[in-house]
Amino acid sequence: MRVRSVLRSFGLLLAAPFTLACTERAPTLHAGNAERGLALMTAFRDSLPEHSGNALRCVSCHLDNGTRPTAMSWQGTAARYPRYRSRPGYEESLARRVNECIARSLAGKMLPEDGQEMRDMLAYLETMRSSPRPAPVDSVKLVGVVARGEVGYAGQCARCHGANRAGVPSMAAPAVWGSDSYAIGAGMARQYTLATFVRHNMPFDHADTLTAQEAADIAAFVLTQPRQDHPGKERDWPKGDPPVDVAYTTTAAAAAGKPLPAERPLLPRRVSPDSSNR
């Protein structure tokens with residue numbers, strides 16, 4: 001009995017350093033840091049390169065750090081979640097909504113929803129929880145003419161976004177198509193969404209000067225250009241109710257006999273959106 005006791009004590013002593021080492025290496029999660037969260041959103045690729053799939057940042061679309069009323073403002077957003085959204089077909093948490101933007105607009109890989117980076121970004125959004133939601137802007141629901149949009153892009157957009165669509169990093173102007181731009185599954189890949197954004201926010205230094213038709217034409221041209229695919233997009237809007245300007249065919253809409261959109265040129269995906277999290 002005494003030998004057995006000694007051996008058991010010796011085994012516990014051997015296990016102790018291993019247990020302590022594992023404990024010391026385990027990351028310690030803290031409450032979200034809003035300042036760090038904003039830093040991640042303004043330098044996503046530099047801060048989280050393994051999760052970035054293009055050259056965009058969160059604030060490439062959510063202008064003025066998410067405070068511009070006409071550019072999909074984050075003001076009051078935290079108070080709206082969790083909420084049902086028809087694209088996934090279920091009630092989404094705010095963390096899940098952020099991950100959808102990462103996977104689609106940043107063409108990236110979703111973050112662990114209980115990880116420190118997500119906590120920090122949510123903390124920044126929480127700073128605007130009580131801010132009033134801006135009034136909706138007038139949507140541009142017009143059919144664009146691609147040929148006119150090509151001319152409009154050259155005259156109004158190329159000086160910042162580049163004639164070859166690559167963007168101008170020194171001006172923080174993002175790519176608007178190609179492998180460095182948003183994926184086909186992003187909201188900006190929809191005609192009405194992009195046209196509305198362009199109408200009210202572009203050109204950046206002369207916002208609100210384009211007519212609705214000019215914005216629609218530019219959007220139509222931009223959206224004929226290639227961009228990264230979004231695996232699993234066919235599962236979107238599972239109830240068969242996609243908006244009319246969705247850029248791709250969904251399984252449910254096809255089964256319901258809805259009109260199917262024209263195919264758009266797609267580029268290979270750089271990183272997986274981590275479909276296990278969908």
Side-chain angles (χ1 to χ4, degrees), residues 38 41-45 53-75 77 101-102 104-107 128 133-228 243-247 264-265:
L38 177 58
M41 289 171 161
T42 56
F44 192 89
R45 184 167 67 169
N54 58 27
L56 302 189
R57 311 171 298 153
C58 302
V59 296
S60 295
C61 299
H62 303 277
L63 303 179
D64 300 338
N65 296 339
T67 65
R68 185 179 294 192
T70 56
M72 296 174 289
S73 172
W74 289 328
Q75 294 171 317
T77 293
C101 284
I102 290 172
R104 295 167 182 268
S105 297
L106 304 185
M128 291 180 276
R133 289 284 297 169
V137 297
D138 293 332
S139 295
V140 178
K141 295 184 177 181
L142 298 173
V143 176
V145 178
V146 173
R148 289 201 307 248
E150 185 173 9
V151 175
Y153 179 88
Q156 300 287 350
C157 315
R159 59 193 174 88
C160 292
H161 296 283
N164 65 349
R165 57 72 185 141
V168 181
S170 63
M171 301 175 66
V176 292
W177 71 78
S179 58
D180 275 338
S181 190
Y182 48 88
I184 191 71
M188 281 291 197
R190 291 171 48 189
Q191 168 69 28
Y192 298 164
T193 301
L194 180 59
T196 300
F197 181 87
V198 170
R199 166 70 182 85
H200 295 286
N201 298 287
M202 296 292 133
F204 191 83
D205 54 352
H206 292 93
D208 213 24
T209 59
L210 297 175
T211 67
Q213 188 62 61
E214 287 171 335
D217 294 343
I218 290 171
F221 166 67
V222 167
L223 295 179
T224 61
Q225 307 304 309
R227 60 188 65 257
Q228 288 190 63
V244 296
D245 62 335
V246 169
R264 295 188 187 176

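Residues: numbered from 1 along the sequence shown. Note that these values count all heavy atoms, side chains included, but never hydrogens, waters or copies made by symmetry.
Smallest separation of non-hydrogen atoms from Ser73 and Arg133: O-NH1, 3.3 Å. For the residue pair Ala215 and Ala195, the shortest heavy atom distance occurs at CB-O, 3.5 Å. Here the closest non-hydrogen pair linking Thr196 and Ser139 is OG1-CA, 3.5 Å. When all heavy atoms of Val246 and Arg190 are compared, the closest pair comes out as CA-CG, 4.1 Å. The shortest heavy-atom contact between Gln156 and Pro203 is OE1-CG, 3.4 Å. Taking all atoms of both residues into account, the shortest heavy-atom contact from Ala189 to Ala247 is O-CB, 3.5 Å.
The shortest side-chain heavy-atom distance between Asp180 and Arg45 falls under the 4.5 Å cut-off. For the pair Ser105/Asn54, no side-chain contact is recorded, criterion being any heavy-atom separation below 4.5 Å from C-beta on. Using a 4.5 Å cut-off on side-chain heavy atoms (C-beta onward), Met188 and Leu56 make no contact. Counting only heavy atoms from C-beta outward, the side chains of Gln75 and Pro134 approach each other to under 4.5 Å. Counting heavy atoms from C-beta on, the side chains of Arg199 and Asp208 come closer than 4.5 Å. Val140 is not listed as a side-chain neighbour of Gln191, based on a closest heavy-atom distance of 4.5 Å or more.
Between Thr67 atom OG1 and Met128 atom CE the span is 7.0 Å, to the nearest 0.5 Å. Between the CG atom in Asp138 and the OG1 atom in Thr70 there is a gap of 11.5 Å [rounded to 0.5 Å]. The line from CG of Leu223 to CG of Leu194 is 5.0 Å long, rounded to the nearest 0.5 Å. Residue Thr193 holds its OG1 atom at 9.5 Å from NZ of Lys141, rounded to the nearest 0.5 Å. Here CD1 of Ile184 is found 11.0 Å from CD of Gln228. Values are rounded to the nearest 0.5 Å. The distance from atom CG of Leu210 to atom NE2 of His200, rounded to the nearest 0.5 Å, is 11.0 Å.
Between the Glu214 side chain and the Gly149 main chain, no donor and acceptor come within less than 3.5 Å of each other. A donor-acceptor pair under 3.5 Å is absent between the side-chain atoms of Arg148 and the main chain of Gln213, judged by distance alone. Using modelled atom types, one side-chain atom of Ser181 and one backbone atom of Ala175 make a donor-acceptor pair closer than 3.5 Å. Remark: side-chain polar atoms of His161 are not paired, donor with acceptor, to backbone N or O of Trp177 under 3.5 angstrom. Checking side-chain atoms of Asp245 against main-chain N and O of Tyr192 turns up a donor-acceptor pair under 3.5 Å. Side-chain atoms of Arg227 come within 3.5 Å of backbone N or O of Val176 as a donor-acceptor pair.
At least one test fails for Arg68 against the ring of Phe197: distance under 6.0 Å to the centre or angle within 45° of the axis.
By the ring-ring contact (aromatic ring centres under 6.0 Å, His included) test, His62 pairs with Trp74, sequence neighbours left out.
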Go through it in stages, so that I can follow the logic: the residues are Met72 and Cys61, the test is side chain to side chain contact (heavy atoms under 4.5 Å, CB included), and I'd like the CA-CA distance, side-chain angles, deciding distance and then a yes or no. CA-CA 7 Å; Met72 296 174 289; Cys61 299; 3.7 Å; yes
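Phe221 and Tyr153 have tilted rings, their planes meeting at an angle from 30° to 60° on a 0 to 90° scale.
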